Amino acid sequence: MSKKFAEYQKFNLSDINKQVCQDWENGNLFKKSIDTREGYPSFIFYEGPPSANGMPGIHHVMARTIKDTFCRFKTMQGFQVKRKAGWDTHGLPVELGVEKKLGITKEDIGKKISVDQYNAECRSEVMKYTREWTLLTKKMGYWVDLDNPYITYDNKYIESLWWLLKELYNKGLLYKGYTIQPYSPAAGTGLSTHELNQPGCYRDVKDTTVTAQFKIKGDKFGDNAYFLAWTTTPWTLPSNTALCVGPKIDYVVIKSANPYTGAEATYIMAKALVSNYFGPKKAEPFEIVGECKGTDLVGIEYEQLIPWVNPGEGAFRVIPGDYVTTEDGTGIVHIAPTFGADDAFVAKKAGVPGLSFPTKKGELRPMVDMTGKFFLLSDIDDEFVKNNINTELYKEFEGRFVKNAYDPNLTDKDETLDISICMMLKQQGKAFKIEKHVHNYPHCWRTDKPVLYYPLDSWFIKTTACRDRMIELNKTINWKPESTGTGRFGKWLENLQDWNLSRSRYWGTPLPIWRTDDGSEEICIGSMEELMAEIEKSVAAGVMSENPYKHFKVGDFSKENYAPENIDLHRPYIDSIILVSKDGKPMKRETDLIDVWFDSGSMPYAQLHYPFENKELIDTRSYYPADFISEGVDQTRGWFFTLHAIATMVFDSVAFKNVISNGLVLDKNGNKMSKRLGNAVDPFGAIEKYGSDPLRWYMMTNSAPWDNLKFDEEGVEEISRKFFGTLYNTYSFFALYANVDGFTYAEPDVPTEERQEIDRWILSLLNTLTREVQDALESYEPTRAGRAIQDFVTENLSNWYVRLNRKRFWAGKMDKDKLSAYQTLYTCLETVSLLMAPIAPFYADRIFRDLNAATGRHNVESVHLATFPKYNEAMVNKRLEEQMELAQKLTSLTLALRKKADIKVRQPLSHVMIPTTVQNIKENLESVADLIKAEVNVKEIKTVEGSDGILVKRIKPDFKKLGPKCGKAMKSVAATLQALPQEEIRKFEENGVYTLCIDGNNIEVSTADVEIFSEDIPGWLVANDGNLTIALDITVTEELRQEGLARELVNRIQNMRKQSGLNITDKINITVCADAEYCRAIEAFAEYIKQQVLGLSITTADTLEGAQEWDVDGKKISVKIEKA
RNA sequence: AGUCCUUUAGCUCAGUUGGUUAGAGCACCACACUGAUAAUGUGGGGGUCGGCAGUUCAAGUCUGCCAAGGACUACCA
């Protein structure tokens, strides 16, 4: 019994999705796709770890489709592609999720709940949606090893991180620094830039600003001269220690007076901003008396504006800063190094001290304490108060909160510290201008209160030291799109800052650095072995009473040994470990955790527990660096950067060779999706509704991965219908007839040269397609690949090949020609299933399996274990492709003419005329003439030479060729050529050259520089497409009329056959009752009719019982068919 | 504020090294086809190629400026 091709009653991609998914599970196919490639070259892919504490969204389908597509493609190309899944488990979102769930705040940790319990909550919270993620992964067909994922909270993972940190430490790239960071006094914690970039954090606020007068020392500008400097944070003025000018900016010296007091004075400010402060509309007259550059001002000293605290040597002078602009303010910037990152930077460079208080606890703080208020004198070191603080002045302000929002007793309506200070300055005649100003200011997303820029201690990685190497290595990375690599990423590297690693939290990788209290000695731990040894030392020295990790066995890499029940490297356990210094002093761990981005950037090594296990995989570069990674473009400075930075600094290598940074998934109106707006698309719903394939296909083909995708469900539906529906129809058509004929591709291939031209044509296109798809995928352009496949299937295979060849499949016996048709169509379907498999893995597998089940041509069970098609150049015939294109164009033109003349395609016509002098077209035409004739139902195609004079010719200049030759005269040349009379054109054609006279210059034009074609044939119905012209003879002769009628009858009989439910192979007898003309037509074409409808006999009768009536062009006919 | 991306038909997108009628699909309207039929074909309307300026014989394409939308980074008086 011969095998059959599966035939389906309905087409539901969602169901197919589920079935194929099940087939994969049953066959353990993902594993097989890796195991069967054992020993083959590797294609190395790294999975960027998502966080499972949020539900997966539709954009994850996008990102993962890209990853999956290339991994499948490379697998099919014969590479072994291991894909280890990963989970990002540390960090703020997790902590916040837990705090929300438990209804606690950060302050409650260690009070209402122990750190221990808190971390346990985090550990479970972080994997909250693992089930959903796993489900989505399977449903969308993302093949990744979920059974052995790397998890960033894993002890082994942390140990690898420690090793990396120690490498950096040993290279001197890890240091502790004191920098200005965003800090939320209300929450009592520093904030990462990531937190500051939460939506809604930056808000417009209205603050009181002041332009203050800083009195210049000495009499260089007279004895009453001031610098004018503007600030939006007047509360920082008591901490002022310098003024900053732009070296290249022009400054002017102005004689005027203080608007509040009227006191005459000399002012210095940027020339470009004078009109903001002085002018005819202002109260005080002014006069510019001098001008200089910023450089000239540098070094000038001034008197302290608010003399509360003595900051020490080197303060109160003008320093240079490149960042100073003349966009607003005065072009002179007030510098409080303790409250601004830029301030601190320029001040440090110029050797200007910041203004700090030593506290009674022995810390060094700015004027503002950690709760956001001016220090109470009682909290400051007594000695310092005595020597450096003017307590008379200061005590009036001590304890004032710098923002009302920080003070539990104040509201927006109360006078702010800013206003108090402004009033004080005004009274003292030091305020030049006080006004409200609206500006954008960051707020803490947890407390909703403004953020303070505040100096904090942090650990940094000195990435700046490796900047050049990073830039160099980046040039070897293939970025898709290129602009992200050179632009966003490249620029980022050029302006690289040191990487602030510290996070003052609980749930994260602890910084493995232990220090003595005085900071004189410290140790960086790089492994468990080291830690255990140090603990033993500490126990021996009596610093610790016992080793809390005593059950851990060094060198035992079993799961049990590293299980959290055995050891836990997280806080608070790790904090209980006190090590001992060489001098016998206790060393405590620096309480910081590290930035979670370090976690993910370390995954190439930590996922392998490098270097403790799998050392050779990295060292021999057999699993490193990645050939390919892909994530959202928002990861450019996130994961992409941390991967690159760690690889450069520790391994002097790139971490990845090819990278796609994909765009966002927006809603169909181009808005960002968000749960709040309710425009987020649920990936599970979408997959259920459409199936994963259309979704994946839509995402890959609608726009390039790196462009944002405007997700529109209608687009997915369109893909379903247009591409998958057409492909399904094509397959169904094939299966239907192949089963009737018992075709199972058992016969040897019909030699190419013995196949019809149209077969060779589609096979030629198929190979061209194969090459294009391969090229596209190899250059990481899935969009181009998908679009090419889609175009081939819908346009060429279905709409042209199948449509034109339908009769070959249903008529006649299985001869060589029919076999050729089957083999050709089979090859196309099979190849398409292979080509599309990386993008649409489900339906591709369905078709492949259905085809292969009947033919057994591949000895693999799934398309994903098969080999990607190879381009066969011998099959490509550009000539044939041109010919067919010509046929398609001519057919379209002819059909358009029929339409214009209102003559149905069923009515045969005698001939079309195609004027052409181009030999090439003539030859091409000959080979496709039969096709065209059949398609447009015309008996004959005639070509006409131009010389007989019936054609009206036209010249079209070839601008590309003539342009460089003619230059400025181009326009006139074109106009002259186009206006050339018929006789001149004829002469031109005869001579091959023609001389034009333009503006007195002779220009010689040859026939190669122009296209000459006929545009019109007087008296004929004519159509043009480019330089192609056809004319249709619309005369319907008696014979043609008869044939037309016969065809109409065939059409009606076929309809009746179908209606009456006859089998397609049943034979019939026909009786017709019609007028005389129709009867003559039937008589004349009786054989034709019988053959078309499988009729044994056809007779005409005067009257007819039980017949069906039809109207053909106004004629009434009755037709009756009976099964023979 | 800086960097980058996007802007072509009502919608989604093509548009090669600049070359003269700016394309496709969807949607819409009309017609045809009816042994692939919950398919299919043909025709039609629809465009100041975001705006302005420049380079050029020639600009959707190159340059500059501007605008809108988006992303990232930063936050500065």
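Values below: every heavy atom of this structure, side chains too, minus hydrogens, waters and symmetry copies. All chains are named by letter (A, B, ...) in the order of the sequence lines, taking the proteins before the strands, and each is independently numbered beginning at 1. Only a predicted model underlies this, so the values are computations on that prediction, with no experimental measurement involved.
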From the options [options], select the nucleotide whose nearest atom is closest to the side chain of [X].
| X | options | result |
| --- | --- | --- |
| A/R906 | B/U40, B/C33, B/A71 | B/C33 |
| A/F959 | B/C5, B/U42, B/U20 | B/U20 |
| A/K971 | B/A58, B/C76, B/A14 | B/A58 |
| A/K960 | B/U17, B/C26, B/U21 | B/U17 |
| A/K968 | B/G41, B/C76, B/C57 | B/C57 |

Checking only heavy atoms, does the side chain of [X] share a donor-acceptor pair with the base of [N] at less than 3.5 Å?
| X | N | value |
| --- | --- | --- |
| A/S798 | B/A36 | yes |
| A/R803 | B/G41 | no |
| A/K904 | B/U42 | no |

When you compare [N] with [M], how far apart are their [atom1] atoms, in angstrom units rounded to a whole number?
| N | M | atom1 | answer |
| --- | --- | --- | --- |
| B/G70 | B/C13 | P | 16 Å |
| B/G23 | B/U8 | C1' | 10 Å |
| B/A9 | B/U48 | P | 8 Å |
| B/A30 | B/G69 | P | 39 Å |
| B/G54 | B/U17 | P | 26 Å |
| B/U21 | B/G35 | P | 42 Å |
| B/G10 | B/A22 | P | 16 Å |
| B/A39 | B/A32 | C1' | 15 Å |

[X] [atom1] - [N] [atom2] separation (whole Å):
| X | N | atom1 | atom2 | result |
| --- | --- | --- | --- | --- |
| A/E717 | B/U12 | CD | C1' | 14 Å |
| A/L893 | B/G43 | CG | C1' | 13 Å |
| A/K807 | B/U34 | NZ | C1' | 13 Å |
| A/M970 | B/A59 | CE | P | 13 Å |
| A/I903 | B/G41 | CD1 | C1' | 18 Å |
| A/Q790 | B/A24 | CD | P | 16 Å |
| A/E795 | B/U40 | CD | P | 11 Å |

What is the base-pairing partner of [N], counting Watson-Crick and G-U wobble geometry with both distances under 3.5 Å?
| N | answer |
| --- | --- |
| B/C49 | none |
| B/C29 | B/G43 |
| B/C72 | B/G2 |
| B/C62 | B/G54 |
| B/A67 | B/U7 |
| B/G35 | none |
| B/A14 | none |

Does [X] reach a base, just sugar-phosphate, or nothing at all? Heavy atoms under 4.0 Å.
| X | answer |
| --- | --- |
| A/R806 | base |
| A/N1051 | sugar-phosphate |
| A/S732 | nothing |
| A/K10 | nothing |
| A/F339 | nothing |

So, does [X] get its side chain near the phosphate of [N], meaning an N or O under 4.0 Å from OP1 or OP2?
| X | N | answer |
| --- | --- | --- |
| A/N729 | B/U40 | no |
| A/N708 | B/C5 | no |
| A/S892 | B/G43 | yes |
| A/K722 | B/C26 | yes |
| A/N702 | B/U12 | no |

> Less than 4.0 Å between a side-chain N and a carboxylate O, is that true for A/K10 and A/D15?
Replying inline: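 A salt bridge links A/D15 with A/K10.
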> Would you call A/R467 and A/E494 a salt bridge, using N to O less than 4.0 angstrom?
Replying inline: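 Salt bridge flag = no for A/E494 with A/R467.
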> In terms of the angle between their ring planes, are A/Y8 and A/Y728 parallel, tilted or perpendicular, with boundaries placed at 30° and 60°?
Replying inline: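 Geometry flag for A/Y728 against A/Y8: tilted rings.
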> Would you call the rings of A/Y737 and A/F809 parallel, tilted or perpendicular if under 30° counts as parallel and over 60° as perpendicular?
Replying inline: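 Aromatic pair A/Y737/A/F809 classed tilted.
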> Given that A/R721 and A/N1055 both sit by RNA chain B, which one's nearest nucleotide is further toward the 5' end?
Replying inline: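 Here A/R721 is the residue nearer the 5' end.
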> Taking the nucleotide of RNA chain B with the closest heavy atom to each, which residue, A/T783 or A/G963, is nearer the 5' end?
Replying inline: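 The residue whose closest nucleotide sits nearer the 5' end is A/T783.
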>> Can you confirm whether A/L666 sits close enough to A/H59 that some side-chain heavy atom of one is under 4.5 Å from a side-chain heavy atom of the other?
In response: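 A side-chain contact is absent here, since even the closest heavy-atom pair is not under 4.5 Å.
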Exam field: side chain [X] to backbone [Y], donor-acceptor pair closer than 3.5 Å:
| X | Y | answer |
| --- | --- | --- |
| A/D791 | A/R787 | no |
| A/Y454 | A/S184 | no |
| A/N662 | A/P705 | no |

>> Please confirm whether the ring centroid of A/F214 lies under 6.0 Å from the ring centroid of A/F227.
In response: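 Ring centroids of A/F214 and A/F227 are no less than 6.0 Å from each other.
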